[in-house]
Protein chains: 2
Amino acid sequence: MKASKLKRLQAAGWKAGSAAEFLGLSGQEAALVDLKLALVTAVRATRRKRGISQIDLAQRMRSSQSRIAKIEAGDASVSLDLIVRALIAAGASQKDVQRAFIAIG
Amino acid sequence: MKASKLKRLQAAGWKAGSAAEFLGLSGQEAALVDLKLALVTAVRATRRKRGISQIDLAQRMRSSQSRIAKIEAGDASVSLDLIVRALIAAGASQKDVQRAFIAIG
DNA sequence: GGAGTCTATGTCAAATACGACATAGCTGGC
DNA sequence: GCCAGCTATGTCGTATTTGACATAGACTCC
């Protein structure tokens with residue numbers, strides 16, 4: 001069958017080079033974390049630049065103050081979606097976003 | 001109490017200018033959708049450029065072929081997190097990622 | 001020192017996103 | 001034709017993420 005073959009392939013993928021895959025994965029995860037951190041910094045910077053409070057920003061994106069606080073704190077329970085939504089809602093300009101990436105580049 | 005006042009503020013925020021807020025929100029959502037679309041396109045382009053299949057990519061990021069298909073199809077059940085993870089796993093350069101994100105302007 | 005504002009942190013039920021799986025369609029080589 | 005690999009779509013149980021709420025700390029102004 002198809003599915004069983006697919007599964008065998010996946011199982012094989014696990015066995016062969018699992019250490020390398022782990023390293024690769026952790027590298028990918030690190031890149032994602034870096035990206036999140038940069039964006040989170042941009043959220044706080046943009047919000048402050050616009051002089052709006054966490055409550056204000058929460059209202060703008062139909063979220064709550066506590067979520068904004070968690071976003072800015074880099075809380076693990078915050079998705080990239082939410083971070084970017086906050087960035088957009090805060091009114092980040094293209095330059096703001098670009099600046100966020102400079103740390104990564 | 002604090003909380004009740006906060007709640008009143010949020011309720012007021014709802015009432016006053018709800019139409020404008022709705023328009024604002026839908027604009028934000030549109031921006032997010034545009035961003036996702038740009039990234040999704042980059043995922044497929046990068047994957048094809050590297051000559052890897054959806055199964056390959058799925059293994060690289062410990063996901064499944066069906067999820068990759070959904071990512072590339074722009075399925076609503078796919079988060080920005082997963083899209084970016086796919087982009088990174090596909091081997092997109094940081095410049096590629098940046099380029100896609102800059103669309104927020 | 002009390003009141004107001006802003007931010008941080010923890011909890012929780014409900015909503016959403018996840019991987020896995022099944023299965024179908026499509027294409028190209030045999 | 002048939003088979004193989006690749007992709008698309010739907011479902012499902014589980015895991016993660018969410019907004020809301022409570023509450024506490026820091027700081028300012030009266």
Side-chain angles (χ1 to χ4, degrees), chain A residues 1-14 21 25 28-29 32-33 36 39-41 43-86 89-90, chain B residues 1-14 21 25 28-29 32-33 36 39-41 43-86 89-90:
Chain A
M1 270 165 210
K2 270 302 191 31
S4 62
K5 186 165 293 183
L6 198 158
K7 196 173 179 186
R8 274 196 289 114
L9 281 174
Q10 289 175 336
W14 251 94
E21 277 187 13
L25 247 199
Q28 292 167 26
E29 277 165 16
L32 187 58
V33 168
K36 282 190 179 185
L39 292 170
V40 153
T41 304
V43 168
R44 172 159 267 163
T46 305
R47 180 177 67 78
R48 292 217 167 130
K49 200 166 87 180
R50 311 263 174 189
I52 64 181
S53 68
Q54 290 184 345
I55 291 182
D56 293 334
L57 180 54
Q59 287 178 203
R60 286 196 194 199
M61 57 186 286
R62 302 264 163 86
S63 183
S64 61
Q65 181 268 327
S66 60
R67 273 281 119 207
I68 307 293
K70 280 174 231 263
I71 290 173
E72 295 187 356
D75 190 292
S77 81
V78 175
S79 72
L80 186 54
D81 287 69
L82 199 65
I83 297 172
V84 172
R85 264 192 233 128
Chain B
M1 266 164 214
K2 265 317 184 24
S4 63
K5 186 163 293 183
L6 198 158
K7 197 174 178 185
R8 275 197 288 115
L9 281 173
Q10 290 176 336
W14 251 94
E21 277 187 14
L25 246 197
Q28 292 167 26
E29 277 165 16
L32 187 59
V33 168
K36 282 192 179 183
L39 291 168
V40 153
T41 303
V43 167
R44 173 160 267 164
T46 305
R47 181 176 67 79
R48 291 217 168 131
K49 200 164 85 180
R50 311 264 174 189
I52 64 181
S53 67
Q54 290 184 344
I55 291 182
D56 292 335
L57 181 52
Q59 285 179 204
R60 287 196 194 199
M61 55 186 287
R62 302 266 163 84
S63 182
S64 60
Q65 180 268 328
S66 60
R67 212 112 271 281
I68 307 293
K70 281 175 228 264
I71 290 173
E72 296 188 354
D75 191 292
S77 81
V78 175
S79 72
L80 188 53
D81 288 67
L82 197 65
I83 297 172
V84 172
R85 264 193 235 129

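Throughout, protein chains are lettered first and strands after them, A, B, ... in sequence-line order, and every chain is numbered starting at 1.
- A/Ser66 contributes a side-chain N or O that forms a donor-acceptor pair with the base of D/dC21 under 3.5 Å.
- B/Gln59 places its CD atom 14 Å from the C1' atom of D/dG5, with the value rounded to the nearest Å.
- When atom types are taken as modelled, the side chain of B/Arg47 and the backbone of B/Ile52 share a donor-acceptor pair closer than 3.5 angstrom.
- One can place CD of B/Gln54 at 14 Å from P of C/dG19, the figure rounded to the nearest angstrom.
- Atom pair B/Leu32:CG and C/dT16:P shows a separation of 15 Å (rounding to whole Å applied).
- Here A/Leu57 contributes atom CG and A/Thr46 contributes atom OG1; the two are 9.5 Å apart, rounded to the nearest 0.5 Å.
- Checked by distance alone, A/Lys70 brings a side-chain donor or acceptor within 3.5 Å of a matching partner on the base of C/dG10.
- Between A/Asp75 atom CG and C/dT7 atom C1' there is a gap of 14 Å when expressed in whole angstrom units.
- Taken from CZ in B/Arg67 to CE in B/Met61, the straight-line distance is 9.5 Å, to the nearest 0.5 Å.
- Using a 4.0 Å heavy-atom distance criterion, B/Arg85 is classed as making no nucleic acid contact.
- Atom P of nucleotide D/dT7 and atom CG of B/Leu57 are separated by 10 Å, given to the nearest angstrom.
- Below the 3.5 angstrom threshold, one finds a donor paired with an acceptor across the side chain of B/Gln65 and the base of D/dA8.
- Of the residues near DNA chain C, A/Arg47 and A/Asp81, the one whose nearest nucleotide (by heavy atom distance) lies more toward the 5' end is A/Arg47.
- Ranking C/dT9, C/dC18, C/dC6 by closeness to the A/Ala69 side chain, first place goes to C/dT9.
- Ranking C/dG19, D/dG19, D/dT18 by closeness to the B/Ser63 side chain, first place goes to C/dG19.
- Salt bridge present: A/Asp81 and B/Lys36 bring a charged side-chain N and a carboxylate O closer than 4.0 Å.
- Each of B/Asp56 and B/Ala73 has a nearest nucleotide on DNA chain D; the 5'-most of these lies closest to B/Asp56.
- With hydrogens and angles ignored, no donor-acceptor pair closer than 3.5 Å exists between the side chain of B/Ser77 and the base of C/dC18.
- We find that B/Glu29 and A/Arg85 are not joined by a salt bridge, their nearest charged nitrogen and carboxylate oxygen being 4.0 Å or further apart.
- Taking atom CZ on A/Arg67 and atom P on C/dT11, their separation rounds to 13 Å, with Å as the unit.
- The residue A/Arg44 sits close only to the backbone: its heavy atoms come under 4.0 Å of sugar-phosphate atoms, none of a base.
- The CD1 atom of A/Ile68 sits 17 Å away from the C1' atom of C/dG10 (whole-angstrom rounding).
- Within the 4.0 angstrom heavy-atom criterion, only backbone atoms of the sugar-phosphate kind lie near B/Leu82; the bases stay farther away.
- For B/Glu72 and D/dA8, the CD to C1' distance is 11 Å, given to the nearest whole Å.
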